[in-house]
Amino acid sequence: MRILVVEDEAAIRDRIVDRLRTDGFVVDAAPDGKEGLYRATEFPLDLAIVDLGLPRLDGIELITRLRQRGISFPILILTARTRWQEKVEGLEAGADDYLGKPFHLEEMIARVRALIRRSAGLAHAELICDPLSLNTSTQNVTVSGLPVDLTAFEYRVLQYLMLHTGKVVSKTELTEHIYEEDQDRDSNVIEVFIGRLRKKIDPGDKLKPIETLRGRGYRFNLPRRE
Amino acid sequence: MRKSLHTRLLLAASAALLAFLGLAGIALDKAFQNRTEVAVEDRLKGQVFNLLTAADLDRDGRLRMLEEPPEPRFGRIDSGLYGEIVNAPGQIVWQSKSLLDKRLPDAVMLSPGQVSFGWSQMENRDPVFLYRFGVGWEIPGGDISAFMFSVAEDTRRYNNEIGAFRRTLWAWLGGAALVLLLVQVFVLRWSLKPLAEVAAEIREVEKGEREYLENNHPREISRLTESVNKLLGSERDRQRRYRNNMDDLAHSLKTPIAVLKGWLDSQSGHDGRQEAEQQIERIGQSVEYHLRRTASGAAIFSRPVEVGPIVSELVSALHKVYADRNVETSADLPANLVFFGDNGDIMEILGNVLDNAFKYCTTSVCIKGASVGETSRPGLRIEVSDDGAGFPDSVGSRVLNRGVRADTRTKGYGIGLASTRDIVGIYGGTLDIGNQKPHGAIVTITLPGG
């Protein structure tokens, strides 16, 4: 999952970024509204955390412009101005939730996960594609109830595929959602991750959860339980 | 209630007008009365001269009326005009036939050339004007014999003239008074019209139909309206500056607290972290509480804020925030429900209460509202109820105390309802919490009119 953090206060931005990365998210960061707008329109994101009091381009204006361009990923507002007038203004501009400063990073992570789940149409933190189960909160993955040990990249690939079950996900799309902008991107590595995932979650090669569509990408074929 | 300026001026001017017209009437009446009496005196004097002309000495040297007086009323009984001539011993020399068997009132003999005029009462008759004139008549032998010529006229003619004059006078004065009163009413209305216009404009400002008073009033009150406009402007500026300052303060206080909090979150296992976290939490709570309760308060002539659209905005926003809860909402608010105060304050009050309802309801939230009072700036009462577990009995009104929240399982500051109560209190209103049957919480906000 790739998240954009737009926050002008470097100390807060760094903490948020660190915490999100620790929790397995791919994170882009922008110190002002203009750069935030650029990153939000140029890169495939799953969520944005936007501070309202931004230099160069106000947070409300940033959100309004993103929605005007048809960008629909969830947006979480961060604001020190916790009066309802500002909250409503932000939500009406197109944000999906708000978090008043100061906040606990745990609460922010919980809101982020809830928004991502909601945007994927999920009611719970657990993605279940029998016999596979992935908990987005604890990041535990089990197959038939038995835990599976995954690396951070493998987890990101699996979560992305499970959130898009039945859909064709190209290598490029997958790369953009699991890599940060400044990381080396080798699409061949995706094939390596997919290979390792198949061995870990389907050691007997009976389920065949990840289908390779030559020249087009991958498709997760186990139906997700709603 | 004290009388209006219009009534005061009308009463005072009417009293002055009536007093003036009354005194003028009395003065005119008196003058006419005097003039009429002078006319009577002249008339009687003429009659005396007529008698003098008609009288003369006979061959015996006695004064006789040699011919009938030219005035025929002297010869008609009870005609109202009487004549009499007496000599020095007081013997009647001549009497008009109109006197019949009566006499004019006795009087002291006047010396020749002496005149007297005045009222006198005749026996069994009405009062009369009596004119007497002393005459010295030379008799044969060269002596002078004294006579007194008296002519009396009853008051009928005099009274008729005075009565006719009075009827005409008071009819005209009454008419003039009526016309002047009407003119006065018109003049007063016209003169006080600018004040009435200012009063109407102030009512419009009170109702929020205009922001300022007009600047085209007469110079006598333009200073006042200019001052009121300055006051209104400075009050609005003050509110705007206050709100901006609060926003800046919120930003400048909360950002470093957020930085500290983030830093502490990353210091796992560090000595004293827990204590530092608690202190930071306390500072954060205090800042949040004091910033939230800083309502603008009822400003002078606050414009009415429609409550319905604000509730709609908040409900729409909260549906977004609590999208995964699928909360059903129902709102029963009159179309004309307004709040006389700051837009941000009513949004803060309703936002905090509705947020709690959405957070703790099971499936539904109900909002009811009504106007309170019949004044031009009525108050309002709003009830927000939900079908959740309600406020725990152990919490009761403590939930309104800062930092205490009903549901300790949910992270937060627990200051929403407490700060809401403070804002409501600034407007002189009340916030009551309770539980409804069979289940659910109900929060009632009552705000007085402006």
Side-chain angles (χ1 to χ4, degrees), chain A residues 7-20 22 51-54 74-111 113-125, chain B residues 243 246-266 277 280-281 283-285 287-288 291-292 294-295 310 312-326 342-352 354-355 410-413 415-416 419:
Chain A
E7 164 66 64
D8 59 326
E9 192 69 36
I12 297 175
R13 186 176 66 242
D14 292 345
R15 298 291 168 208
I16 294 171
V17 169
D18 288 349
R19 180 57 197 263
L20 286 169
T22 305
D51 180 31
L52 288 187
L54 290 172
I75 297 173
L76 173 65
I77 297 171
L78 289 184
T79 176
R81 293 163 188 172
T82 47
R83 284 179 66 84
W84 276 95
Q85 217 159 5
E86 285 89 35
K87 290 178 194 170
V88 168
E89 198 181 350
L91 291 165
E92 280 184 342
D96 298 272
D97 200 357
Y98 60 87
L99 193 56
K101 291 180 183 175
F103 53 87
H104 284 285
L105 287 172
E106 285 80 8
E107 189 172 1
M108 184 203 72
I109 291 291
R111 299 281 183 101
R113 288 200 171 116
L115 284 175
I116 289 174
R117 276 204 312 273
R118 195 197 297 172
S119 70
L122 301 174
H124 305 289
Chain B
R243 182 71 68 214
M246 282 299 116
D247 282 348
D248 293 345
L249 186 63
H251 195 263
S252 59
L253 285 174
K254 288 180 181 179
T255 301
I257 293 172
V259 172
L260 278 174
K261 220 169 197 176
W263 181 79
L264 280 170
D265 280 346
S266 65
E277 263 186 350
I280 294 289
E281 191 72 29
I283 295 170
Q285 280 190 12
V287 168
E288 183 70 16
L291 286 173
R292 278 203 195 189
T294 50
I310 286 185
S312 297
E313 279 181 35
L314 286 165
V315 166
S316 169
L318 288 165
H319 271 304
K320 209 169 188 180
V321 174
Y322 296 97
D324 46 357
R325 303 204 60 188
N326 294 318
D342 182 72
N343 184 64
D345 290 342
I346 188 68
M347 196 168 242
E348 200 61 19
I349 291 167
L350 294 175
N352 287 335
L354 284 169
D355 186 41
T410 307
K411 289 180 180 178
Y413 300 108
I415 54 180
S419 61

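Excluded from the calculations below are hydrogen atoms, water molecules and symmetry mates; all remaining heavy atoms, backbone and side chain alike, are included. Chain A is the first sequence line, chain B the second, and so forth, proteins listed ahead of strands; every chain is numbered from 1.
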Peer 1: Test of understanding: with salt bridge (Lys or Arg N to Asp or Glu O under 4.0 Å), list the residues that count as partners of A:Asp8, not counting sequence neighbours.
Peer 2: none
Peer 1: Just give me the residue among A:Ala11, A:Ala110, A:Ala114, A:Ala95 that pairs up with chain B most often, heavy atom to heavy atom, under 4.5 Å.
Peer 2: A:Ala95
Peer 1: Closest heavy-atom contact between B:Val321 and A:Arg118?
Peer 2: O-NH2, 3.0 Å
Peer 1: Relative to chain A, which of B:Leu260, B:Ile280, B:Leu253, B:Ile257 shows the most heavy atom pairs under 4.5 Å?
Peer 2: B:Ile257
Peer 1: Shortest non-hydrogen contact from B:Val259 to A:Glu9?
Peer 2: CG2-CG, 4.0 Å
Peer 1: If you count heavy-atom pairs under 4.5 Å with chain B, which of A:Asp14, A:Asp97, A:Leu115, A:Leu105 comes out on top?
Peer 2: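 Counting heavy-atom pairs under 4.5 Å, the top option is A:Leu105.
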Peer 1: In plain terms, say whether A:Arg83 and B:Asp345 are close enough for a salt bridge, that is, a side-chain N and a carboxylate O under 4.0 Å apart.
Peer 2: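 Looking at A:Arg83 and B:Asp345, the cut-off is met.
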Peer 1: Just so I know, are the side chains of A:Gln85 and B:Glu348 near enough to count as touching, which here means a heavy-atom distance under 4.5 Å?
Peer 2: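 They are not in side-chain contact.
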Peer 1: Hey, which of A:Thr79, A:Asp96, A:Asp51, A:Leu78 has the most heavy atom pairs under 4.5 Å with chain B?
Peer 2: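 When all of A:Thr79, A:Asp96, A:Asp51, A:Leu78 are compared, A:Asp96 has the most.
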Peer 1: Name all residues meeting the side chain to side chain contact (heavy atoms under 4.5 Å, CB included) criterion together with B:Ile310; count only those two or more places apart in sequence or in a different chain, and write none if there are none.
Peer 2: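 B:Ile310: side chain to side chain contact (heavy atoms under 4.5 Å, CB included) contacts with B:Val305, B:Leu314, B:Asn343, B:Ile346, B:Met347, B:Leu350.
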